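Just so you know, these numbers come straight off a predicted model, no measurement behind them. Here is how names work: the chains are called A, B, and so on, in the same order as the sequence lines, proteins then strands, and each is numbered from 1.
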Amino acid sequence: MAVIDAGQYSQEELIKILNNVTDDDIEINGLCGQRYIACGWTKPKRLILKGVPGNNLAAFADGPEIIVHGNAQEGVANTMSSGHIQVHGRVGDIAGYGMRGGELFIEEDAGYRLGIHMKAYKAYKPLIVVGGSVGAFAGEYMAGGTMIVLGLNTSRPLVGPYCGTGMYGGEIYLRGDYPVKNIATNIEKVVVSGNELDNIIDYLHRYSIYFNYPLGKILDEPFTRLSVQNVRPFAGLYAGFVS
Amino acid sequence: MGAPLNTGFQMGTPVFKVDRDPDRCIQCGVCVNQCANEVHHMDSDSWMWTEDEKCVACQRCAVLCPTQAISIKDFPVIFRENSHWGSASIREIYRQAESGGVLLTGMGNPRPYKNYFDHLLLNASQVTNPSIDPLREPMELTTYLGNKGDLISQVEKPYLKLKIPIMFSAMSFGSVSLNVQKSLSAAAEEMGTFWNTGEGGLHQDLKEFGPCAFVQVASGRFGVHPGYLANSAAIEIKIGQGAKPGIGGHLPGEKVSEEVSLTRMIPAWSDAISPAPHHDIYSIEDLDQLIETLKVATGYSKPIAVKVAAVHNIGAIASGIVRAGADIVVIDGFRGSTGAAPMRIRDNVGIPIEIALAQVDSRLRDEGIRQQASLVAAGGIKNSADVIKAIALGADAVYIASAALVALGCHMCQMCFTGKCNWGLATTNPELSKRLNPEIGIQRAKNLLAAWGHEIQEMMGGMGINAIDSLRGNRLMLRGIGLNSQELDLLGIKSVGD
């Protein structure tokens, strides 16, 4: 395993060093906001990050496995195709934007605009699990994949305003109480329990293992599934005109 | 707002009238087979009849009729028109009262705004310096796009080499047929220039043409993955387009066929919605970040272009884009085309490319950063003279899209959004798509570029210029005709006679 002390390197230096590391396992200590780590990586390398990785961690990536011990800044997993990310802390805004595949597990809260325009395609099924709460616009324009918000140890409402606005695919699961007024009006809300949780029980189980939180406590509240039936939300918006 | 309810009640007459000359018609049925709009019908007793109200005047039947029996005319207007309320304005309201819908249209802004290209005249050498005959002497059209400003650090930045300063603008697979992309990509490769995937991914059949493609990263991030970014000449971040500045795109589910779904990487027959902004770009600093992300993701091996619509304050916007690290800035004027846009947006938003281009070039020069990025002008380029004028106003190269489609057979009916393009261009229907033979399409697109190239050389030679570099931003070669002093100022040119 290659071990890098990031504290002495600028962002540009760190990216250059990472490009030249041949080890598949890399540990970076003392991160203090260096951006663009693992951007566009296509190899299944394993990264352990300590400190705070900067914006666009693993953006456009396809395959890396990243464990962050600390908080992550904006744009984690931006347009990611595949890979696995755990953040033992919280993340900033716009995590998982346009994410097509892979997994993002966040122990605590996520900022604004989480998972906007997430989309699924065949074997690509993106997953975001948030242990805490999420800010405004979560799942806006969501086209596929799964987002789960658990609301553990958070002082904020479970989801911020405009959750699921323009959504036309995928599913959002909310644990426990949530502010109904913050959910877009066209969203179908179904309370799921027991066997109906089979779709996500593996994800919940893994959250409990990754972050050492009892699964029983996660399951002691009901889950609500948000989805839309209409994959053509704007089909009736337009009138073709012979000009 | 309540949900609109289609009343199904028609107020107006058809727009077009299909005239069939019975003396010429041989009841062969070509028109019936060719019309995807189902205008033409033939009964079992060979009686031919038409549904004028379905006609969009694409001229497919008229062109293919073996006896030239068909002509499409404007339906005789029965509205009591006056100079304020024309028939189009009246029909627009009827259509909206019927449907409650946002009027949807295709192609570029057709309104009679002033076309500044047509108010610019070129110079020619007489006596005091010799004109150059391109048939006799070498004439350089080679153009390089990219950041040319970092000479001091001596780090070579990635750049593109164009043998002719004309590229094919973004048209996604989905908005146009695969045969259109096949035609333009191969033509671009053979002519030493570039084509653009648009926001629709790169079809597997076109992977070999990745090295001569701009691959687009737009707000929907469709088909964007590391392999797509790697297999490209340059990456274009699309912020906006001239036909619909400020709004996103809705590729209707009808056009998202199985094939289209493969390259966009979304389920078939669902809408493909591109949000209005990139939600990871709310500022110049955010743009800087996405540019840098793409550079890091591709190992600093490719120029990054940023495409914006020409709008008010475009000079300041372009300055910000260059400072954010873009290697190429694409400005798309308000006449730029589209496969589908709300008509009010297409017809009323944005500014002309000529003015925007002059403003951007001047602004970047004033700020001393012009060399840090190349400028590509798009939106409304109709011929080689427009190309020359754009370059003299400050562009490094131009994009064409409508002109390329016309070369492939577009008849400008502006109904691209229906997916029923009878010329096999703006459709994903396989039966319609095969009407464009890519072999012929490649040749026609190459012919267009070659012809324009010759004309550009002729005009340059006439000006006594033998390298396109000497024309770039050389506004002394332009004079304005029929322009007021403020327009001349904004364009940075003198009046004719001055």
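The heavy-atom pair separating D288(B) from Y36(A) by the smallest distance is O-OH, 4.4 Å. In terms of heavy-atom proximity, P226(B) sits nearest to G40(A) at CB-O, 4.1 Å. D271(B) and Y168(A) make their closest contact through O-CE1, 3.0 Å (heavy atoms, listed as atom of the first residue, atom of the second, distance). Across all non-hydrogen atoms, the minimal contact from P267(B) to A120(A) is CD-O, 3.5 Å.
Counting only N and O atoms by type, the side chains of H250(B) and Y238(A) include a donor and acceptor under 3.5 Å apart.
Shown here is Y162(A), whose OH atom has no more than 12 heavy atoms of other residues, nucleotides or ligands within 6.0 Å.
For E140(A), the part lying near chain B is the side chain, with the backbone staying farther off; criterion is any non-hydrogen pair under 4.5 Å. Contacts between Y124(A) and chain B at a heavy-atom distance below 4.5 Å involve the side chain alone, from C-beta outward. For chain A, no part of T298(B) is nearby; none of its heavy atoms comes within less than 4.5 Å. Heavy atoms of V224(B) lying under 4.5 Å from chain A belong to its backbone as well as its side chain.
Per-residue heavy-atom pair counts under 4.5 Å with chain B were compared for A61(A), G75(A), G144(A), G240(A), and the maximum is reached by G240(A). Considering only heavy-atom pairs separated by less than 4.5 Å from chain A, the leading option among S270(B), A88(B), P110(B), C55(B) is S270(B). For the set P342(B), G299(B), P275(B), the entry with the most heavy-atom pairs within less than 4.5 Å of chain A is P275(B).
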Residue pair F60(A), L290(B): steps toward the side chain to side chain contact (heavy atoms under 4.5 Å, CB included) verdict | CA-CA 11 Å; F60(A) 299 103; L290(B) 186 64; 3.9 Å; yes

Any chance you could lay out the side chain to side chain contact (heavy atoms under 4.5 Å, CB included) test for N78(A) and R221(B), step after step, and finish with the verdict?
-> CA-CA 10 Å; N78(A) 187 344; R221(B) 305 284 157 91; 3.1 Å; yes

Quick one: do K122(A) and L262(B) satisfy side chain to side chain contact (heavy atoms under 4.5 Å, CB included)? Show the steps, please.
-> CA-CA 10 Å; K122(A) 296 195 171 169; L262(B) 275 174; 4.1 Å; yes

Give the C-alpha distance, both sets of side-chain angles, the deciding distance and a yes or no for side chain to side chain contact (heavy atoms under 4.5 Å, CB included) between S219(B) and Y97(A).
-> CA-CA 10 Å; S219(B) 63; Y97(A) 177 39; 3.8 Å; yes

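One distance of note links CG of D280(B) with CG of N56(A); it measures 6.5 Å at 0.5 Å rounding. For the atom pair E292(B) CD and C39(A) SG, the distance stands at 9.5 Å (nearest 0.5 Å). Taking OH from Y228(B) and CG from D62(A), the interatomic distance works out to 15.0 Å, rounded to the nearest 0.5 Å.
With F222(B) as the aromatic partner, R100(A) does not meet the cation-pi criteria of under 6.0 angstrom to the ring centre and within 45 degrees of the ring axis.
You'll find the side chain of E92(B) reaches within 4.5 Å of the side chain of F241(A), heavy atoms only. At least one side-chain heavy atom of R35(A) sits less than 4.5 Å from a side-chain heavy atom of Q289(B). Between Y121(A) and S261(B) there is a side-chain heavy-atom pair separated by less than 4.5 Å.
Listed for the H117(A) side chain is a donor-acceptor partner under 3.5 Å among the backbone atoms of I273(B).
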